[in-house]
Amino acid sequence: MSESTKNLSDIVTKLKEIDNVFKFGEKMIPVIEGFVSFISDFVPFVEQVSGSIQDSRSKIPEASNQIDKVTNATELAMTEVLDKIDEINIDLNDISNCLDDMVEHRIRAEGYVTELCKEIKDNENAKVIFKKLLESIDVGLTLEMMKNKVRQITANTDQITMSLQVQDITAQQLAAVNHLIISVQHKLGGLLEAFNSTGYNSSDNLEISKLPDVHFDANASYNPSSNQQDDVDSIIKNEKASQEEIDKLFS
Amino acid sequence: MDRKFLVVDDSVTMRRIVVNTLKTLGYNQYVEAEHGKDALDKLSTDSGINFVITDWNMPVMSGLELTRAIRSDDKTKTLPILMVTTRGVKEDIVQALQARVSNYVVKPFTPQILKDKIDLILSN
């Protein structure tokens, strides 16, 4: 085969390949048209999703503020209650001191009574009347009852003080929720930025609020049982013991 | 009583509860701080403070960081430190002991528990 014949054969082969490409292109056109149509339909959906994200994101700071307001309001209320408990404790302390004074007076009075009985000597009628008089003015039992009441009220205020610690525990739980929703806001902000980078411009660029510098125990729970402190004491005891054993090995 | 307490907690309610309890126990001298850094500032300006009661979870500087800072300073390293916190799991308690807190109380606590721990620390 001559050189010119070989060249012509190559050209024919290339032309056939080009023809195949055109034929494939003709077949692909409906597919591409379908894809373009799908994208055209998809854009409003993306806009709708973006709008929803923006809307949700704009509501998050409000929700976060509401949580902060709840925490602040309960903290204020608790402080007021604690003020009153403080006043009650001061009053109880005063009452307790007064009762102690009264008990001392009574002990002194009993001494005087003994002395007086000696002075009355054989006057039995005077002794009977005097005994009745003492019984009618004796406040010993009343004093004891009042002291018990004071102890009971003190125990109740202690219990209230313990219960009020629930405010700190719920505040930590709310701080955890707040942190979570602000994190969601950050994620949504990231999604909006992704939309913007694809050419879709959001109409409202909301500023992403910074994550607050709040430290909390997300596992904080209100457990007034004394077992909790017992468990802690037991751990401390064991840990201290094991540390002492380690220290002994090194000494 | 010759004791001046530094009460460190970011919660106003908790500071108030601890202070009220201290007053009930007869301790009337106290200073309050909102976080660890604030506490260190108070310690550097008030040499009369001789007992620290601190929360763990606080902004700026935690109670654990505060404990480490106190223990690493020659002027304050022997101060009694009572950690009062909601964190009650063993890992946390061990971490606090390693930072050398003097004792550990979990919230919620009764005034009696706080008294017992203060007495125990002071007796040691």
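Contact of A/D158 with chain B is made through backbone and side chain together, with heavy-atom distances under 4.5 Å. Both the backbone and the side chain of B/I17 come within contact range of chain A, judged by heavy atoms closer than 4.5 Å.
Using a 4.0 Å cut-off between a side-chain N of Lys or Arg and a carboxylate O of Asp or Glu, B/R16 and A/D86 qualify as a salt bridge. The pair A/D233-B/K117 meets the salt-bridge criterion, with a side-chain N (NZ, NE, NH1 or NH2) lying under 4.0 Å from an Asp/Glu carboxylate O.
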Run the side-chain donor-acceptor check on residues 109-118 of chain A: report pairs under 3.5 Å with partners two or more places apart or on a different chain.
unit_1	atom_1	unit_2	atom_2	d
A/E110	OE2	A/R106	NH1	3.4
A/E110	OE2	A/R106	NH2	3.3
A/T114	OG1	A/E110	O	2.8

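Within a 6.0 Å sphere centred on NZ of B/K37, heavy atoms belonging to other residues, nucleotides or ligands number 12 at most.
For the atom pair CG of B/N103 and CD1 of A/I236, the computed distance is 4.5 Å after rounding to the nearest 0.5 Å. In this structure, A/D168 CG and B/D55 CG are separated by 6.0 Å, a value rounded to the nearest 0.5 Å. Atom CD1 of residue A/I169 and atom OG1 of residue B/T13 lie 11.0 Å apart, to the nearest 0.5 angstrom. How far CD of A/E75 is from OG of B/S11: 5.0 Å, rounded to the nearest 0.5 Å. Taken to the nearest 0.5 Å, the CD1 atom of A/I235 stands 8.5 Å off from the CD atom of B/E91. Here B/T85 contributes atom OG1 and A/Q172 contributes atom CD; the two are 7.0 Å apart, rounded to the nearest 0.5 Å.
Only one option out of A/M162, A/Q165, A/Q229 pairs with B/T110 in a side-chain contact (heavy atoms from CB on, under 4.5 Å); it is A/M162.
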